[in-house]
Amino acid sequence: MPADRFARPALPTSPVHAGRRRWLAGAGTRAAALAGAALLPAARATASSPEITLRFSHVVAEETPKGLAANRFKVLVQERSDGRIGVQVFPNAQLYGDADEMQALQFGAVDLVAPSLSKFGRIGLPEFELFDLPLLFDDLAAVRRITLGPLGQRLLHGLARQGLVGLGYFDNGFKQMSANRPLLAPQDFAGLRMRVQASQVIAAQMRTLGARPVTLPFSETRRALASGVVDGTENPVSNFWTQAMHQVQTDLSLTNHGYLGYAVVTHQRLWQQLNTHDRALINQALQEALAFGNQIADAQNDNALTALRQAGTTRVHTLTAAQRDRLRQAVLPVQQQLARRIGPTWLQLLHQALARQTH
Ligand code: LMR
C-alpha cells in the first residue's frame, strides 16, 4: 500500500462518506511529503484553532461503548487543556475501516485508533487473538484481570514492534450470534457463511462449528447480510443494533460465546514528541474515558437488546446452560488448533492467570 494513501487527511465535509471518497480520490495528488509530516503543527494556538489536534478514528457508531468513550475523551482533553489540545473523532469508519486504520496510524495520518483486540493479528501480533478464544472468559471480571495484569501489559508493550504505543484496554462486552435461524447448537451452524473479523481464532471457531467464515470489514457487514453475501455474524448487541443488523437478521441467539474488547493505540512519533505535561494530560483523560466506557458498556448492550426486542424484527433466543456447555465442548479444539499461531508461551500465561483468578 503506497504511503501517500495515508497522507494526513483534510477534514471530510458532510456527508461524511462522500467526503471520505473525495479525499481518497485526491490522495494521490497530495504529496507523500504530507505523510509523516509534522505530527504536531508548529503554529501556535489561536482563539479558534488548537495548538495540537489529535485525530481519533474508529469504525463503530457514536452511541456504542467505544463511540461514547471516544467522545468523552475528546471533551476531557479539550476542557483540561483549555482548548489548547483538540480532539477530532471520526466514527463509523468515516476515515478508515478495519482494513486500513492501523496502517493509517502507522503512517501518522491519524493519531489514535481503538481497534478490537481481534484486529491486531493482521499487523503481526497474533498473540492478541487469545482474547478471541471462544467460551474462555466467564465474565468481564475474568477479562479485566488479564487486561490489567502483567499479561495484558506485556501484550501492550509488544505494540512497540510495530511503532505503536498501547494506552489501555476497554470493553464492549460479550458477543452474540445472529442469522436467519436460531443458533443454539453446533449443528445449527452447518453450512452458514458467517462474517468474522480478521482473526484466525474467530475463523477457526466458525469452522469448528461447521460454518464458513468470511472476513469482512465491519462497515460492510450489514450490506453483506442484507444482500445474502453472508448468512450471519457475531457481535455484542450494541454493535448489532446501531448498525441496524436487526433489519436483516431474523434471529439473535444470546450465546455470550466470546469477548469483544479494544485497545487504544497511538504512534510512537506522536507520543515521543509530546511534552511530559501533555502526555500525562492525554493519558489521564484517556484512562478516565476508558473507565467510563467500561461502566456504560453493559448498559449500552442491555439498552440495545431492549430496543431490539421492541423493534420486533428479530427473535431473541436465550441458551440453556446445557446448550452453552455443548457449544463450549464443540469449540474446545480451537485452542489446540491455534496454539501455534497465538504462541504456546502466551497461552500458558493466559491459563496461569485464569487459574489464579478462580483460587
Ligand atoms: C467488528 O468488526 O465486528 C467489531 O469489532 C467492530 C468494533 O470495533 O466494535
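One-based numbering along the sequence shown. Note: hydrogens, waters and symmetry copies are ignored here, and every other heavy atom, side chains too, is used.
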About how many Å separate [atom2] of [Y] and [atom1] of [X], when rounded to the nearest 0.5 Å?
X      : Y      : atom1 : atom2 : result
Ser57  : Glu101 : OG    : CD    : 5.5 Å
Leu305 : Gln300 : CG    : CD    : 13.0 Å
Arg223 : Arg195 : CZ    : CZ    : 13.0 Å
Thr242 : Phe240 : OG1   : CZ    : 10.5 Å
Leu350 : Ile342 : CG    : CD1   : 8.0 Å
Ile202 : Thr215 : CD1   : OG1   : 9.0 Å

Donor on one side chain, acceptor on other, [X] and [Y], under 3.5 Å:
X      : Y      : answer
Asn172 : Asn235 : no
Asn256 : Gln176 : yes
His58  : Gln94  : no

- Decide side chain to side chain donor-acceptor pair (under 3.5 Å) for His257 and Glu234; before the verdict, give the C-alpha distance in whole Å, the side-chain angles of both, and the deciding distance to 0.1 Å. CA-CA 9 Å; His257 63 279; Glu234 55 160 37; 2.7 Å; yes
Look at atom [atom1] of [X] and say whether more than 12 heavy atoms of other residues, nucleotides or ligands are closer to it than 6.0 Å.
X      : atom1 : value
His157 : NE2   : no
Arg324 : CZ    : yes
Arg328 : CZ    : yes

Can you tell me if [X] uses its side chain to pair, donor with acceptor, with the backbone of [Y] under 3.5 Å?
X      : Y      : answer
Thr266 : Asp111 : yes
Asn301 : Ser238 : yes
Thr64  : Val60  : no
Asn303 : Ala299 : yes
Gln323 : Thr320 : yes
Ser199 : Val201 : yes
Lys66  : Ala114 : yes
Asp188 : Leu184 : yes
Asp278 : Asn275 : no
Arg309 : Val316 : no

- Query: Do Phe189 and Leu327 pass the side chain to side chain contact (heavy atoms under 4.5 Å, CB included) test, and can you show the C-alpha distance, the side-chain angles, and the key distance before you say yes or no?
  - Reply: CA-CA 11 Å; Phe189 289 81; Leu327 274 187; 4.1 Å; yes
For residues 67-75, please give each side-chain donor-acceptor pair under 3.5 Å, one per line with the distance, not counting sequence neighbours.
unit_1	atom_1	unit_2	atom_2	d
Asn71	ND2	Glu62	OE1	3.0
Lys74	NZ	Val87	O	3.3

Is there a path from [X] to [Y] through hydrophobic residues (I, L, V, M, F, W, Y) whose side chains come within less than 4.5 Å of each other?
X      : Y      : result
Val237 : Phe174 : no
Leu140 : Leu136 : yes
Leu354 : Phe128 : yes
Leu117 : Val334 : yes
Tyr259 : Leu151 : yes

- Message: Going by side chain to side chain donor-acceptor pair (under 3.5 Å), Glu129 matches just one of Arg341, Arg122, Gln197. Which one?
- Response: Arg341
- Item | Matching residue for Arg222 among Gln243, His246, Gln249, Gln247 - test: side chain to side chain donor-acceptor pair (under 3.5 Å) | Gln247
Could you check if a side-chain atom of [X] sits within less than 4.5 angstrom of a side-chain atom of [Y], using non-hydrogen atoms only?
X      : Y      : value
Gln78  : Ile85  : no
Leu192 : Met206 : no
Leu347 : Leu133 : yes
Tyr96  : Met102 : no
Arg55  : Leu112 : no
Val265 : Leu159 : yes
Gln273 : Arg279 : no

- Item | Pi-cation contact, Trp346 with Arg154 (under 6.0 Å, within 45°) | yes
- Item | Working for side chain to side chain donor-acceptor pair (under 3.5 Å), residues Gln335 and His351 | CA-CA 11 Å; Gln335 290 207 28; His351 285 295; 2.9 Å; yes
- Message: Between Asp251 and Arg181, does any side-chain N to carboxylate O distance fall below 4.0 Å?
- Response: no
- Would you call Asp231 and Arg193 a salt bridge, taking side-chain N to carboxylate O under 4.0 Å as the test? yes
- Among Ile146, Asp139, Thr147, side chain to side chain contact (heavy atoms under 4.5 Å, CB included) partner for Val143: Thr147
- Item | Which atom of Leu308 lies closest to which atom of Trp241, heavy atoms considered | CA-CZ3, 3.7 Å
- Query: Where do Gln205 and Asp132 land on the side chain to side chain donor-acceptor pair (under 3.5 Å) test, with the steps shown first?
  - Reply: CA-CA 9 Å; Gln205 164 204 283; Asp132 294 329; over 6 Å; no
- Test log, rule side chain to side chain contact (heavy atoms under 4.5 Å, CB included), inputs Val230 and Met194: CA-CA 6 Å; Val230 290; Met194 297 292 284; over 6 Å; no
